[in-house]
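Notes follow the structure.
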Amino acid sequence: MFYKNLKKHKKTTEKNLTFSIFEDGIKSKSDDSVSKPNECKLFYNISYNDGALKTGLGFQDLKVPASLDALDDLHTYDFSMLIDDIKSIYTERWYNTTYKTYIYQLLLLDGSYNLWSCSLIDQYDGAILQRTTRLNDLPTYQCVYRLDQTDVNLFFSNEGLIIIGQYYDAIFEEVPALISCVVHYDNLFGVTNDLQSTLIYTDNLDVTTLRKEDSSTIEFLDNRGSFKRLVSFNDYVYLFREYGITKLSIYSSKSNFSFTHLYTSSSKIFENSISVCGDKIFFMTREGLYSFNGNSVQRICEQYDSFWKNLDNSNCSSACLNGKYYLATRCDFEDLEEVGCEVNETYSNNVLFEIDVETFELNVLRGVDIRKILAVDTPFLSKLCACFNDYTQRVGELTFNGKIFEASLNKKWSSFSTDLGYQSKKKKIKEIVLTSLYDCVVTIESDEETKSFSFVGRDKEQRLSVCLYGKRFKFSFSSDCENCEICKPLVVFDVVS
């Protein structure tokens with residue numbers, strides 16, 4: 001005789017969760033309760049490409065061609081032979097009358113504030129030349145200028161104006177220390193280090209004769225604060241101030257100006273974040289990133305605000321190159337991780353952002369303490385260069401090699417906490433399926449336990465059994481390898497009803 005089994009068993013339904021939108025970018029402004037299971041909350045040192053996680057940004061030693069006829073024959077400079085500490089970098093250009101072409105150089109300021117130069121065409125077998133010993137501190141402002149039909153570099157300082165050219169090295173002690181200046185039509189506009197709420201201007205474009213007492217002045221004492229950066233853009237001069245933007249319009253007379261206050265910010269504008277990128281100007285405040293088109297300001301990349309919100313980023317650095325806005329800054333990822341330079345508590349910056357100026361797509365390089373980034377754009381070479389607080393004798397160029405010089409950086413992609421679409425129901429993660437060309441680790445954290453699973457790099461699909469229970473889960477993919485390529489990840493789970 002057979003009796004009917006009346007014992008109730010929990011029913012399970014097998015589901016497949018596919019991480020198929022790696023390329024969708026970070027969604028950090030979302031909340032765990034409204035995010036999708038496969039959305040990204042945090043990522044760094046990887047890039048999105050064709051739906052896969054791939055090798056991200058990095059820096060290698062600056063490489064320059066040996067000659068215009070051998071652009072693929074690349075050389076590097078050994079700056080450590082002569083320079084103890086690279087404080088800043090600049091570009092220099094001057095016209096060679098013999099060869100009827102422009103010569104492009106890189107200028108370097110060392111720890112004793114001496115200037116050195118090296119050619120961006122290494123035709124002198126790695127030669128590094130000392131240019132001047134006149135600077136005694138970091139310049140208050142630097143810019144290229146056209147003086148007496150000659151291209152020169154202007155270095156304003158509290159000791160005076162230092163001018164560096166091909167055959168020029170001079171100091172003019174009476175010229176005030178400007179923190180920003182711009183030539184617009186026949187006027188020179190500037191702001192001095194000691195009178196930052198006053199705009200000075202003159203129609204004498206010989207900057208060597210610039211004197212505060214000989215210049216006309218306009219003082220601004222409203223709540224937008226002092227001047228930080230002057231920008232000539234779209235046929236106007238824009239005055240970026242601590243808490244706002246003012247437009248200067250010039251009429252028929254050289255001294256006939258009008259001012260229009262376009263924007264007032266609720267938090268401080270960081271002047272080193274201001275960069276002209278095509279038909280936009282990008283800048284950052286304590287609240288986030290903004291784009292300015294000459295008339296109005298637009299908040300951009302709001303999903304990244306939590307990275308830098310309320311941090312003092314006075315030491316940031318920015319540049320624009322090839323349709324990308326680059327910002328070296330300080331961020332708090334709030335993940336208790338220490339990546340690269342973050343093991344040293346005294347770092348100034350720890351992140352480089354690469355943002356597409358049209359789509360606002362983002363790449364994040366975490367773990368490098370950059371002093372200054374510099375866009376080097378010549379007819380034969382276009383590179384983003386940088387000098388560093390943690391690699392003080394090297395100049396780097398941006399690459400997609402996944403490391404900082406010889407050091408490979410940790411790479412990570414993390415999801416939100418998710419219920420996998422089945423609220424209040426217990427789930428069992430059964431299996432992880434993915435293809436990874438390089439070693440990586442997948443970590444799954446539930447409200448009951450956390451497990452990590454190591455995958456060995458190979459070009460075939462891999463499957464690992466999991467057996468992890470919970471109602472909510474977080475997924476992360478990480479790698480310490482130099483390269484990374486993870487695609488087609490699949491999580492198989494059962495819903496216990």
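Positions are given from 1 along the sequence.
Checking side-chain atoms of D356 against main-chain N and O of T359 turns up a donor-acceptor pair under 3.5 Å. Side chain of S408 to backbone of D480: a donor-acceptor contact under 3.5 angstrom is found. E174 contributes no side-chain N or O that, together with a main-chain N or O of R211, makes up a donor-acceptor pair within less than 3.5 Å. In terms of modelled atom types and a separation under 3.5 Å, the side chain of Q166 and the main chain of W94 share no donor-acceptor contact. At distances below 3.5 Å, at least one donor-acceptor pair connects side-chain atoms of N45 with backbone N or O atoms of N410. In this structure, S476 contributes its side chain and S414 its backbone to no donor-acceptor pair below 3.5 Å.
Y102 meets the ring-ring contact (aromatic ring centres under 6.0 Å, His included) test with Y95; sequence neighbours excluded. Residues satisfying the salt bridge (Lys or Arg N to Asp or Glu O under 4.0 Å) criterion with D169, sequence neighbours excluded, are R134. Under the salt bridge (Lys or Arg N to Asp or Glu O under 4.0 Å) criterion, R330 pairs with no residue at all, not counting sequence neighbours. Residues meeting the salt bridge (Lys or Arg N to Asp or Glu O under 4.0 Å) test with K383, sequence neighbours left out: E397.
A salt bridge is absent between E334 and K309: the closest approach of a Lys/Arg side-chain nitrogen to an acidic carboxylate oxygen does not fall below 4.0 angstrom. Look at D137 and K87 and you find no salt bridge, because none of the NZ, NE, NH1 or NH2 atoms lies under 4.0 Å from a carboxylate O. Taking the charged nitrogens against the carboxylate oxygens, D85 and R371 do have a contact shorter than 4.0 Å, which makes a salt bridge. Of the charged side-chain nitrogens involved, none lies within less than 4.0 Å of a carboxylate oxygen, so that K411 and E482 do not count as a salt-bridged pair. Using a cut-off of 4.0 Å between Lys/Arg side-chain N and Asp/Glu carboxylate O, K412 and E337 are scored as salt-bridged.
Taking the six-membered ring for Trp and the full ring otherwise, F282 and Y290 have centroids separated by 6.0 Å or more. Between F353 and Y325, the gap from one ring centroid to the other reaches at least 6.0 Å. For F220 and F259, the distance between ring centers is under 6.0 angstrom. Checked against a 6.0 Å centroid threshold, the rings of F333 and F307 count as neighbours. Remark: aromatic rings of W308 and F270 are distant, center separation not under 6.0 Å. Taking the six-membered ring for Trp, F292 and Y238 have ring centres closer than 6.0 Å.
Side chains of D312 and S314: a donor on one and an acceptor on the other come within 3.5 Å. Side-chain contact annotation: S267 with T285, donor-acceptor N/O pair under 3.5 Å present. Side chain to side chain, D110 and S112 fail the donor-acceptor criterion of an N or O pair below 3.5 Å. Side-chain contact, N204 with T209: a donor N or O sits under 3.5 Å from an acceptor N or O. N350 and E342 share a donor-acceptor pair across their side chains, judged by distance under 3.5 Å alone. Side chains of S275 and S318: a donor on one and an acceptor on the other come within 3.5 Å. With 3.5 Å as the limit, one finds no donor-acceptor pair spanning the side chains of N363 and S47. A donor-acceptor contact under 3.5 angstrom links the side chains of D206 and T208, judged on distance only. No hydrogens or angles considered: a donor-acceptor pair under 3.5 Å links the side chains of N344 and T346. Judged purely by distance below 3.5 Å, without hydrogens or angles, the side chains of N349 and T329 never pair a donor atom with an acceptor atom.
Counting only heavy atoms from C-beta outward, the side chains of C181 and V191 never approach each other to under 4.5 Å. The shortest side-chain heavy-atom distance between L321 and V376 does not fall under the 4.5 Å cut-off. Within the 4.5 Å cutoff, no side-chain heavy atoms of Y77 are placed close to those of D61. For the pair W116 and L129, the minimum side-chain heavy-atom distance is 4.5 Å or more. With contacts defined as side-chain heavy-atom distances shorter than 4.5 Å, the pair L374/T91 qualifies. Side-chain contact between R299 and E287 is present, with heavy atoms from C-beta onward closer than 4.5 Å. You'll find the side chain of K372 stays beyond 4.5 Å of the side chain of I370, heavy atoms only.
Rounded to the nearest 0.5 angstrom, N234 CG and N293 CG are separated by 8.5 Å. Between atom CD1 of residue I86 and atom SG of residue C387 there is a gap of 6.5 Å, rounded to the nearest 0.5 Å. One distance of note links OG of S479 with CG of L409; it measures 11.0 Å at 0.5 Å rounding. Atom-to-atom distance recorded for N483:CG and K54:NZ is 11.5 Å, nearest 0.5 angstrom. For the atom pair OG (S291) and NZ (K280), the distance works out to 5.5 Å, reported to the nearest 0.5 Å. In this structure, S296 OG and L262 CG are separated by 9.0 Å, a value rounded to the nearest 0.5 Å.
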Item to complete: Might you work through the ring-ring contact (aromatic ring centres under 6.0 Å, His included) test for F477 and W413, ending with a clear yes or no?
Response: CA-CA 5 Å; F477 299 79; W413 183 101; 5.7 Å; yes

Fill in: Y391 and F59: CA distance, side-chain angles, deciding distance, ring-ring contact (aromatic ring centres under 6.0 Å, His included) verdict
CA-CA 11 Å; Y391 297 93; F59 278 99; 9.5 Å; no

Discussion item. Could you walk me through whether F227 and F240 satisfy the ring-ring contact (aromatic ring centres under 6.0 Å, His included) test, starting with their C-alpha distance in whole Å, then the side-chain angles of each, then the deciding distance to 0.1 Å, before giving a yes or no?
Written reply: CA-CA 6 Å; F227 297 106; F240 280 79; over 10 Å; no

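For the ring-ring contact (aromatic ring centres under 6.0 Å, His included) condition, the pairs that include at least one residue of residues 143-169, sequence neighbours left out, are Y90-F155. The stretch residues 220-236 participates, sequence neighbours left out, in these salt bridge (Lys or Arg N to Asp or Glu O under 4.0 Å) pairs: D222-R224, D222-R241.
A cation-pi arrangement is not found for R394 relative to F79, the charged atom failing to lie both closer than 6.0 Å to the ring centre and inside a 45° cone about the ring normal.
Results of the side-chain contact (heavy atoms from CB on, under 4.5 Å) test with Q142 over L154, L109, N153, L178 single out N153 as the only residue that passes. In summary, of the residues considered (N193, T192, L195), a side-chain contact (heavy atoms from CB on, under 4.5 Å) with P176 occurs for T192 alone.
Ring planes of F405 and F388: perpendicular class, angle over 60° (limits at 30 and 60°).
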